Protein chains: 2
Amino acid sequence: MPTPHHDTCRAPARIEGRATWQVGRAQARAAGLLSSGFEAHGDGLRGYHYRLLAALEEWGPASQADLGRRTGIDRSDVTAALNELESRDLVARSVDPAHRRRNIVTITPAGIERLLALDEVVDGVQEAFLAPLTAAQRRQFLALLSRINDAQAPRINDAQC
Amino acid sequence: MPTPHHDTCRAPARIEGRATWQVGRAQARAAGLLSSGFEAHGDGLRGYHYRLLAALEEWGPASQADLGRRTGIDRSDVTAALNELESRDLVARSVDPAHRRRNIVTITPAGIERLLALDEVVDGVQEAFLAPLTAAQRRQFLALLSRINDAQAPRINDAQC
DNA sequence: TGCTTATGTTGGCCGTACCAACATCGACAG
DNA sequence: CTGTCGATGTTGGTACGGCCAACATAAGCA
């Protein structure tokens with residue numbers, strides 16, 4: 001992604017003061033940092049792939065549909081992302097012997113290795129993103145964000161959680 | 001926009017704790033609320049149009065290129081959005097007598113009226129978005145966001161500010 | 001005068017998120 | 001056992017925001 005600037009000369013006052021606008025700017029900044037990081041050290045992988053690798057490493061092998069439900073990624077997008085991961089030998093698909101229609105996706109040792117490398121990239125991005133805040137402010141910021149996100153979130157797929 | 005859920009069952013822990021992830025979730029929520037609001041009371045208008053109307057009302061008539069620079073919207077997108085605003089008689093284009101290549105865009109009384117109506121929609125969204133926070137927490141949240149956004153922001157177009 | 005810059009416009013690209021349709025397989029009711 | 005229903009993986013398409021390239025034209029300046 002080519003670094004969204006999103007801001008130029010300061011938005012109109014009625015917009016600049018809005019929380020939704022500020023959140024949008026912050027997210028644009030975060031997305032820019034992330035995609036720069038992935039572009040530099042990610043071998044063409046992006047957020048989708050990182051989320052899927054992380055889910056596989058933390059929760060173990062799963063079917064594609066389960067992966068989609070757990071990560072909030074659409075089934076069709078899971079398929080596409082897994083194709084790219086599989087072509088790099090970072091995950092392996094195998095047919096479930098019980099349900100022959102289902103694929104069991106497993107993360108490979110190379111996948112874990114790449115995941116750990118991406119972890120460091122993402123950690124570096126966090127540091128850059130939160131740089132203007134002190135440690136106490138970062139805790140506050142995360143706490144407020146969590147409060148907003150937890151209290152809300154329409155939560156559509158609440159199956160098997 | 002059909003209400004992004006983005007979250008399903010809690011992301012992997014290594015992602016859930018990241019500030020960039022939380023900001024993304026918050027922004028997804030904000031965008032969903034905004035597009036719901038615009039969809040319900042906006043007569044087909046969206047963020048682009050609101051930003052342009054606000055810029056015109058606050059800074060007065062301007063050329064399309066200036067509008068683009070001030071709002072951070074690309075020239076080509078400004079053209080498209082202005083076409084829709086003009087077709088609703090919310091703005092008027094007139095050729096600058098000095099620079100015959102330039103259009104002077106003016107907000108019409110109907111445009112101001114619509115802008116005020118959209119202001120209320122957007123205000124309602126802010127309220128919904130910040131609902132889980134107390135007044136003091138909202139101030140903190142905005143202050144932290146401003147600190148992050150102001151300290152950073154690569155600022156590419158810094159001309160005439 | 002000619003060269004360069006700025007403007008508005010058209011058309012296109014990319015990434016994220018969705019949705020619809022399809023063939024296939026399992027499970028379960030009758 | 002059969003038929004129906006649901007779930008799965010896949011393909012293909014949509015929408016939207018953001019961005020870029022190219023173009024014709026007008027202004028400004030050398």
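Naming: A, B, ... by sequence-line order, numbering from 1 per chain. Being a predicted model, the structure only gives us computed values, none of them experimental.
- Sorted by residue number, the members of residues 76-97 of chain B with any non-hydrogen atom under 4.0 Å from DNA chain C read B:S76, B:T79, B:R93.
- For A:R101 against C:dT24, a side-chain N or O and a base N or O form a donor-acceptor pair under 3.5 Å.
- Following rounding to the nearest Å, A:Y48 (OH) and C:dC14 (P) show an atom-to-atom distance of 17 Å.
- Nearer the 5' end of DNA chain C, as judged by each residue's closest nucleotide, is the contact made by A:G47, out of A:G47 and A:R100.
- Taking atom CD1 on A:I73 and atom P on D:dG9, their separation rounds to 14 Å, with Å as the unit.
- Between B:V91 and B:L52 there is no side-chain heavy-atom pair separated by less than 4.5 Å.
- Residues passing the side-chain contact (heavy atoms from CB on, under 4.5 Å) test with A:A135, sequence neighbours excluded: A:R139.
- For A:E58 and A:R70, the salt-bridge test fails: no basic side-chain N is under 4.0 Å from an acidic carboxylate O.
- Phosphate contact (OP1/OP2 of D:dC16, side-chain N/O of B:R46, threshold under 4.0 Å): present.
- The side-chain hydrogen bond (donor to acceptor under 3.5 Å, both in side chains) check on A:T79 picks up A:Q64, with sequence neighbours excluded.
- To the nearest angstrom, C1' of C:dT7 lies 13 Å from CG of B:D74.
- Between B:R25 and A:D150 there is a side-chain heavy-atom pair separated by less than 4.5 Å.
- For the pair A:E39 CD and C:dC14 P, the interatomic distance rounds to 14 Å; values are reported in whole Å.
- Here C:dT16 presents its C1' atom at 10 Å from CD of A:Q27, a figure rounded to the nearest Å.
- Put simply, CZ on B:R51 is 10 Å from P on D:dG17, counting in whole angstrom units.
- Bending across the helix from C:dT1-D:dA30 to C:dG30-D:dC1, expressed as the angle between its end axes from five pairs apiece, amounts to 0° (10° rounding).
- A:S94 is linked by a side-chain contact (heavy atoms from CB on, under 4.5 Å) to A:I104, counting only residues two or more places apart in sequence or in another chain.
- Contacts of B:R75 with the nucleic acid, taken as non-hydrogen atoms under 4.0 Å apart, include base atoms.
- Straight-line distance from the CZ atom of B:R69 to the P atom of C:dA6: 8 Å, rounded to whole Å.
- Within the 4.0 Å cut-off from OP1 or OP2 of D:dG28, at least one side-chain nitrogen or oxygen of B:H99 is found.
- Residue pairs satisfying the side-chain hydrogen bond (donor to acceptor under 3.5 Å, both in side chains) criterion with at least one member in residues 111-125 of chain B, sequence neighbours excluded, are listed as follows: A:R14-B:D119, A:R18-B:D123, B:D43-B:R114, B:Y50-B:D119.
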Step by step, would you call A:F141 with B:I148 a side-chain contact (heavy atoms from CB on, under 4.5 Å)?
CA-CA 10 Å; A:F141 185 56; B:I148 284 185; 3.7 Å; yes
